[in-house]
Amino acid sequence: MTTTRTRVAIIGAGPSGLLLGALLHKADIDHVIIERQSPDYVLGRIRAGILEQVTVDLLHEAGVGQGVESGGTVHHSIELVFKNTRHPIDVTGLTKGKVVTAYGQTEVTRDLMAQRSQLNLPTVYEAADVQLHDFDGHQPSVSYTKDGVNHRLHCDFIAGCDGFHGVARASVPKDAITEYEKVYPFAWLGVLADVPPVSSHAIVYANSERGFALCSMRSMTRSRYYVQCPSSDKVEDWSDQRFWDEVRRRLDPELADRMQTGPSIEKSMAPLRSFVAEPMRFGRLFLAGDAAHIVPPTGAKGLNLAASDVKYLSSALIEHYKEKSDAGIDHYSQRALARIWRAERFSWWLTTLMHQFPESGAFGQRMQEAELDYLVRSQALSTSLAENYVGLPLDFG
Ligand code: RFL
Ligand code: PHB
């Protein structure tokens with residue numbers, strides 16, 4: 001058994017853990033990241049694609065803004081398709097100049113990983129049997145096994161950045177945590193392909209009687225598409241041909257005609273869920289990102305919420321070490337949850353508006369179409385969509 005010490009033990013090397021590590025490093029606060037998987041496995045998970053300005057600013061603050069600066073594509077609008085017709089929403093015009101940036105989670109993760117290895121910051125990959133100890137007391141620690149050797153890492157604080165299925169939230173006694181959850185009765189099937197995006201200036205969100213479809217991008221030569229499908233479907237049920245045919249049927253005729261298709265380089269299913277755990281602090285343990293909350297991906301908020309949690313948490317830890325004040329630590333949970341619930345509402349609303357719900361039938365479809373008709377004609381509703389899409393400021397009243 002080896003024994004070491006650090007100030008902050010971070011569980012999980014997804015975007016939350018890596019970004020927290022980068023911000024702590026900038027403030028000279030030593031930390032170790034412990035990750036269950038290998039770097040290649042982490043990079044192989046294709047997920048988010050849209051970054052709010054708050055997230056882009058944080059990447060710059062963390063010293064990894066170069067990638068998004070050169071490889072990201074700024075979007076000023078989104079396109080809503082319903083009743084086979086496309087309607088642009090002028091997001092920038094409705095939000096006094098705000099934008100979002102198309103830049104993949106894989107790229108964000110790769111940039112953060114590259115910085116860590118360049119700076120030689122400690123990351124333990126392929127750590128097995130990770131366990132959290134004594135976070136309710138004064139001497140927390142994390143134990144794990146690597147290559148058959150047992151290790152124990154003593155620390156001041158533990159940051160649980162280990163995603164929805166991680167060990168951190170599961171280590172909290174059941175009576176100390178309240179969980180709120182909604183599971184949707186469908187999933188998204190996603191395909192990544194090396195074809196130019198059908199719309200490079202805006203993400204396309206399509207409501208159709210056959211279900212939801214989304215056209216997104218990773219670069220001018222790489223696209224990401226999704227279709228709503230039954231949760232019971234398997235990836236093997238969907239040949240590339242079936243997938244592309246289905247996307248086409250859910251778009252307006254012009255986009256359907258213009259869309260270029262090609263062999264998938266990744267294809268995966270994602271269940272849709274809304275979830276919040278309260279609180280997000282338990283003594284010397286903090287939860288951040290998907291470890292504490294999940295949004296359905298429709299609103300593109302998951303990674304962005306992870307980034308805002310990490311901003312609040314890193315500021316709180318920096319305040320603790322530099323200013324000897326625990327005010328930030330004491331307010332972390334409340335501050336993060338206020339923004340999280342707003343994003344939960346937006347993601348739930350957009351999911352409900354855009355997807356086919358098996359139980360609501362033709363009446364439900366007409367209600368969605370009436371709301372979408374109203375939305376694209378109403379400055380008030382379009383503004384509400386736009387201001388939530390670009391993301392709330394870190395400190396909103
Ligand atoms: P992650 O990315 O799940 O990383 C957690 C890490 O912890 C590791 N881990 C452990 N490590 C040690 N010990 C254990 N016991 C561990 N258990 C787990 C895991 O291996 C992993 O490396 O969580 P994090 O860092 O909080 O990041 C959250 C984001 O990944 C997530 O919110 C987004 O991907 C959500 N999301 C989107 N968010 C956006 O902001 N914009 C988007 O456009 C967007 N699109 C999406 C999405 C998520 C999707 N899926 C697949 C759910 C599109 C999709 C399809
Ligand atoms: C993506 O590019 O993966 C993406 C974009 C927008 C969303 C969800 C996912 O709302």
Side-chain angles (χ1 to χ4, degrees), residues 9-21 33-39 41-52 54-55 73 75 78 100-106 108-109 112-113 123-132 142-146 159-171 187-192 197 202-205 212 214-219 222-226 266 268-273 275 287-310 340 343 346-347 350-351 354 389 391:
I10 301 174
I11 320 287
S16 308
L18 289 168
L19 186 57
L20 180 61
I33 299 185
I34 301 169
E35 163 65 48
R36 179 166 65 174
Q37 306 287 357
S38 68
Y41 183 97
V42 172
L43 282 174
R45 284 189 300 233
I46 309 296
R47 288 179 167 180
I50 289 291
L51 307 184
E52 297 173 357
V54 162
T55 306
T73 307
H75 284 180
I78 59 176
V100 295
T101 302
Y103 190 65
Q105 178 166 331
T106 313
V108 170
T109 310
L112 286 161
M113 275 181 176
T123 318
V124 181
Y125 282 100
E126 297 177 275
D129 194 22
V130 176
Q131 289 181 35
L132 284 61
V142 178
S143 62
Y144 60 94
T145 307
K146 165 93 181 163
C161 300
D162 52 348
F164 184 65
H165 298 289
V167 63
R169 192 181 73 253
S171 305
W188 279 17
L189 177 71
V191 157
L192 191 69
I203 304 294
V204 180
Y205 293 87
F212 173 71
L214 189 152
C215 315
S216 181
M217 58 179 289
R218 292 292 177 269
S219 70
R222 181 166 284 188
S223 299
R224 181 74 167 158
Y225 287 88
Y226 300 95
E266 194 267 359
S268 51
M269 300 261 304
L272 265 67
R273 184 194 304 271
F275 174 88
L287 302 180
D290 279 16
H293 44 78
I294 296 286
V295 284
T298 325
K301 290 285 165 249
L303 174 59
N304 291 301
L305 279 183
S308 53
D309 288 357
V310 162
I340 288 159
F346 173 65
S347 306
L350 196 58
T351 301
M354 298 305 290
Y389 193 69

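This structure is a prediction, so every number in the text was calculated from the model and none was measured. Starting from 1, each residue takes its place in the sequence as its number. Both ligands and their constituent atoms are indexed starting at 1 by order of listing. Heavy-atom basis, side chains included; hydrogens, waters and symmetry copies ignored.
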**Q** Counting only nitrogen or oxygen atoms and a 3.5 angstrom limit, does Trp188 reach ligand 2?
**A**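 In fact, backbone or side chain, Trp188 has no N or O that close.
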
**Q** Could you tell me if the side chain of Thr73 sits less than 4.5 Å from the side chain of Met217, heavy atoms only?
**A**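 When only atoms from C-beta onward are counted, Thr73 and Met217 do touch, with a gap below 4.5 Å.
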
**Q** Go through it in stages, so that I can follow the logic: the residues are Val100 and Ile203, the test is side chain to side chain contact (heavy atoms under 4.5 Å, CB included), and I'd like the CA-CA distance, side-chain angles, deciding distance and then a yes or no.
**A** CA-CA 10 Å; Val100 295; Ile203 304 294; over 6 Å; no

**Q** Quick one: does Leu214's side chain get under 4.5 Å of Met354's, heavy atoms only?
**A**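 No; the side chains remain at least 4.5 Å from each other.
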
**Q** Would you mind running through ligand 2 and noting each atom that sits below 4.0 Å from a heavy atom of Thr298?
**A**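 Under 4.0 Å from Thr298, ligand 2 has these atoms: 10 (O).
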
**Q** Hey, which atoms in ligand 2 end up nearer than 4.0 Å to a heavy atom of Gly49?
**A**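 In order of numbering, the contacting atoms are 1 (C), 2 (O), 3 (O).
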
**Q** Within 45 degrees of the ring normal and closer than 6.0 Å to the centroid, is that where the cationic atom of Arg36 sits relative to Tyr144?
**A**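 Output no; distance or angle outside limits.
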
**Q** Tell me, do Leu18 and Thr109 make a side-chain contact under 4.5 Å, heavy atoms counted?
**A**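 Of all side-chain heavy-atom pairs linking Thr109 with Leu18, at least one is under 4.5 Å.
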
**Q** For ligand 1, which atoms, with element, lie under 4.0 Å from some heavy atom of Ile11?
**A**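 Here the atoms of ligand 1 in question are 12 (C), 13 (N).
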
**Q** Just jot down the ligand 1 atoms closer than 4.0 angstrom to any heavy atom of Gly166, in number order.
**A**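 Reading through ligand 1 atom by atom, the close ones are 17 (N).
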
**Q** Atom SG of Cys161 and atom CG of Leu19: how far apart are they, to the nearest 0.5 Å?
**A**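 One finds 9.0 Å between SG of Cys161 and CG of Leu19.
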
**Q** Where do Val310 and Ser16 come nearest, in terms of heavy atoms and distance?
**A**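 Shortest heavy-atom separation between Val310 and Ser16 comes out as CG2-O, 3.4 Å.
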
**Q** Is it the side chain (CB and beyond), the backbone, both or neither of Ile34 that lies under 4.0 Å from ligand 1, heavy atoms counted?
**A**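 Backbone only; the side chain of Ile34 stays clear of ligand 1.
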
**Q** How close does the nearest protein non-hydrogen atom get to atom 9 (C) of ligand 2, and which residue and atom is it?
**A**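 Result: Tyr226 CE1, 3.7 Å.
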
**Q** Just need the protein heavy atom nearest to atom 3 (O) of ligand 1, so name the residue and atom and give the distance.
**A**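 Result: Arg47 NH1, 3.0 Å.
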
**Q** Considering distance alone, does some N or O of Leu303 sit under 3.5 Å from an N or O of ligand 1?
**A**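 Yes, Leu303 has an N/O under 3.5 Å of an N/O on ligand 1.
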
**Q** Check contact between Gly190 and ligand 1, using heavy atoms of the residue and a distance below 4.0 angstrom.
**A**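 Distance cut 4.0 Å: Gly190 fails for ligand 1.
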
**Q** Considering only heavy atoms of Arg45, which atoms of ligand 1 have at least one such atom less than 4.0 Å away?
**A**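 Numbered from 1, ligand 1 contributes 19 (C), 20 (O), 21 (C), 22 (O).
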
**Q** Quick check on contacts: which atoms of ligand 2 are under 4.0 angstrom from a heavy atom of Arg218?
**A**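 Near Arg218, meaning under 4.0 Å from one of its heavy atoms, ligand 2 has 1 (C), 2 (O), 3 (O).
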
**Q** Which residue and atom name correspond to the protein heavy atom nearest atom 8 (C) of ligand 2, and how close is it?
**A**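 Nearest neighbour among protein heavy atoms for atom 8 (C) of ligand 2, to 0.1 Å: Pro297 O, 3.3 Å.
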
**Q** If the contact criterion is a heavy-atom separation under 4.0 Å, does Arg47 count as touching ligand 2?
**A**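 The answer is yes, since Arg47 has a heavy atom less than 4.0 Å from ligand 2.
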
**Q** Please report which non-hydrogen protein atom sits nearest to atom 24 (P) of ligand 1, along with the residue it belongs to and the distance in Å to one decimal place.
**A**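 Checking every protein heavy atom, the shortest distance to atom 24 (P) of ligand 1 gives Ser16 OG, 3.2 Å.
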
**Q** Within the 4.0 Å heavy-atom shell around Gly163, which atoms of ligand 1 are there?
**A**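 With Gly163 as reference, the close atoms of ligand 1 come out as 3 (O), 5 (C), 23 (O).
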
**Q** Pro297 heavy atoms, cut-off 4.0 Å: which ligand 1 atoms fall inside?
**A**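 It comes down to these atoms of ligand 1: 47 (C), 53 (C), 54 (C).
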
**Q** Looking at atom 33 (C) of ligand 1, what's its closest protein heavy atom, distance included?
**A**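 Residue, atom and distance for the closest contact: Gln105 OE1, 3.4 Å.
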
**Q** Is there a nitrogen or oxygen of Ile50 sitting under 3.5 Å from a nitrogen or oxygen of ligand 1?
**A**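 By distance alone, the answer is yes.
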
**Q** Any nitrogen or oxygen of Gly302 lying under 3.5 Å from a nitrogen or oxygen in ligand 1? Just yes or no.
**A**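 Yes, Gly302 has an N/O under 3.5 Å of an N/O on ligand 1.
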
**Q** Side chain, backbone, both or neither: which part of Cys161 has a heavy atom under 4.0 Å from ligand 1?
**A**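 Just the backbone.
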
**Q** Atom OG of Ser268 and atom CG of Leu192: how far apart are they, to the nearest 0.5 Å?
**A**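 If I round to the nearest 0.5 Å, the distance is 9.0 Å.
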
**Q** For atom 37 (C) of ligand 1, which candidate among Ala48, Pro296, Ala270 holds the nearest heavy atom?
**A**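 Minimum heavy-atom distance to atom 37 (C) of ligand 1 goes to Ala48.
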
**Q** Heavy-atom distances under 4.0 Å decide this one: backbone, side chain, both or neither, for Asn304 against ligand 1?
**A**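 Near ligand 1, Asn304 shows its backbone as well as its side chain.
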
**Q** Return a yes/no value for Glu35: is any of its N or O atoms, backbone included, closer than 3.5 angstrom to an N or O of ligand 1?
**A**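 N/O-N/O distance below 3.5 Å exists for this pair.
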
**Q** Report, in ascending order of atom number, the atoms of ligand 2 lying under 4.0 Å from any heavy atom of Ile50.
**A**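 Every atom of ligand 2 under 4.0 Å from some heavy atom of Ile50: 5 (C), 6 (C).
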
**Q** Where do Pro197 and Ser219 come nearest, in terms of heavy atoms and distance?
**A**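 Minimum heavy-atom separation between Pro197 and Ser219: CD-O, 3.5 Å.
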
**Q** What residue and atom, counting heavy atoms only, is the protein's closest point to atom 15 (N) of ligand 1, and at what distance?
**A**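 Answer, as residue, atom name and distance: Val167 CG1, 3.5 Å.
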
**Q** Could you tell me if the side chain of Ile50 sits less than 4.5 Å from the side chain of His75, heavy atoms only?
**A**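 Answer yes - side chains close enough.
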
**Q** Any N or O of Tyr389 that comes nearer than 3.5 Å to an N or O of ligand 2?
**A**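 No - when backbone and side-chain N and O of Tyr389 are compared with those of ligand 2, no distance drops under 3.5 Å.
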
**Q** Rounded to the nearest 0.5 Å, how far does OG of Ser171 lie from CG of Asp162?
**A**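 Reported value, rounded in 0.5 Å steps: 8.0 Å.
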
**Q** Counting non-hydrogen protein atoms only, what is the nearest one to atom 11 (N) of ligand 1? Give residue, atom name and distance.
**A**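 Result: Arg36 N, 3.2 Å.
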
**Q** Got the closest protein heavy atom to atom 32 (O) of ligand 1, with its distance?
**A**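 So the nearest neighbour among protein heavy atoms is Asp290 OD1, 2.7 Å.
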
**Q** How long is the span from the CG atom in Leu305 to the CD atom in Glu52, to the nearest 0.5 Å?
**A**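 Here the interatomic distance stands at 7.0 Å.
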
**Q** Any side-chain heavy-atom pair from Phe212 and Leu272 closer than 4.5 angstrom?
**A**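 No, every pair of side-chain atoms sits at 4.5 Å or beyond.
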
**Q** Should Tyr226 be counted as touching ligand 1, given the test is an N or O pair under 3.5 Å?
**A**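 No - when backbone and side-chain N and O of Tyr226 are compared with those of ligand 1, no distance drops under 3.5 Å.
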
**Q** If we only count heavy atoms from C-beta on, is the Asp290 to Arg47 side-chain gap below 4.5 Å?
**A**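 In contact.
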
**Q** Looking only at protein heavy atoms, which one is nearest to atom 13 (N) of ligand 1, and how far off is it?
**A**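 Its nearest protein heavy-atom neighbour is Val130 CG2, 3.6 Å.
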
**Q** Within the structure, does Ala13 bring an N/O atom to less than 3.5 angstrom of an N/O atom in ligand 1?
**A**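 Such a contact does not occur with ligand 1.
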
**Q** Please check whether Gln37 reaches ligand 1 - meaning an N/O of the residue sits under 3.5 Å from an N/O of the ligand, judged on distance alone.
**A**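 In fact, backbone or side chain, Gln37 has no N or O that close.
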
**Q** To which protein heavy atom is atom 43 (O) of ligand 1 closest, and what is the distance rounded to 0.1 Å?
**A**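 Minimum-distance protein heavy atom for atom 43 (O) of ligand 1 reads Gly49 N, 3.0 Å.
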
**Q** Trp188 versus Thr298: any side-chain heavy-atom pair under 4.5 Å?
**A**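 Sidechains of Thr298 and Trp188: in contact.
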
**Q** Measuring from non-hydrogen atoms of Glu52 to any atom of ligand 1, is the shortest distance under 4.0 Å?
**A**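 No.
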
**Q** Looking only at protein heavy atoms, which one is nearest to atom 2 (O) of ligand 2, and what is the separation?
**A**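 Answer, as residue, atom name and distance: Ser216 OG, 2.5 Å.
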
**Q** Can you find an N or O of Gly17 that's nearer than 3.5 Å to an N or O of ligand 1?
**A**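 Not met; the criterion fails.
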
**Q** Could you tell me which residues satisfy side-chain hydrogen bond (donor to acceptor under 3.5 Å, both in side chains) with Ser308, sequence neighbours excluded, listed by chain and number?
**A**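 For Ser308, the residues satisfying side-chain hydrogen bond (donor to acceptor under 3.5 Å, both in side chains) (neighbours in sequence not counted) are Arg339.
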
**Q** In the protein, what heavy atom is nearest to atom 6 (C) of ligand 2, and what distance, to one decimal place, separates them?
**A**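 Answer for atom 6 (C) of ligand 2: Tyr205 OH, 3.5 Å.
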
**Q** Are any non-hydrogen side-chain atoms of His293 and Asp309 less than 4.5 angstrom apart?
**A**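 His293 vs Asp309: side chains touch.
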
**Q** Which pair of non-hydrogen atoms, one from Ala13 and one from Ile33, has the smallest distance, and what is that distance?
**A**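 Nearest heavy atoms, Ala13 then Ile33: CB-CG2, 3.7 Å.
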
**Q** Look at atom 27 (O) of ligand 1 and find which of Gly14, Ala187, Pro15, Gly289 reaches it with the closest heavy atom.
**A**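 Checking each option, the heavy atom nearest atom 27 (O) of ligand 1 is found in Pro15.
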
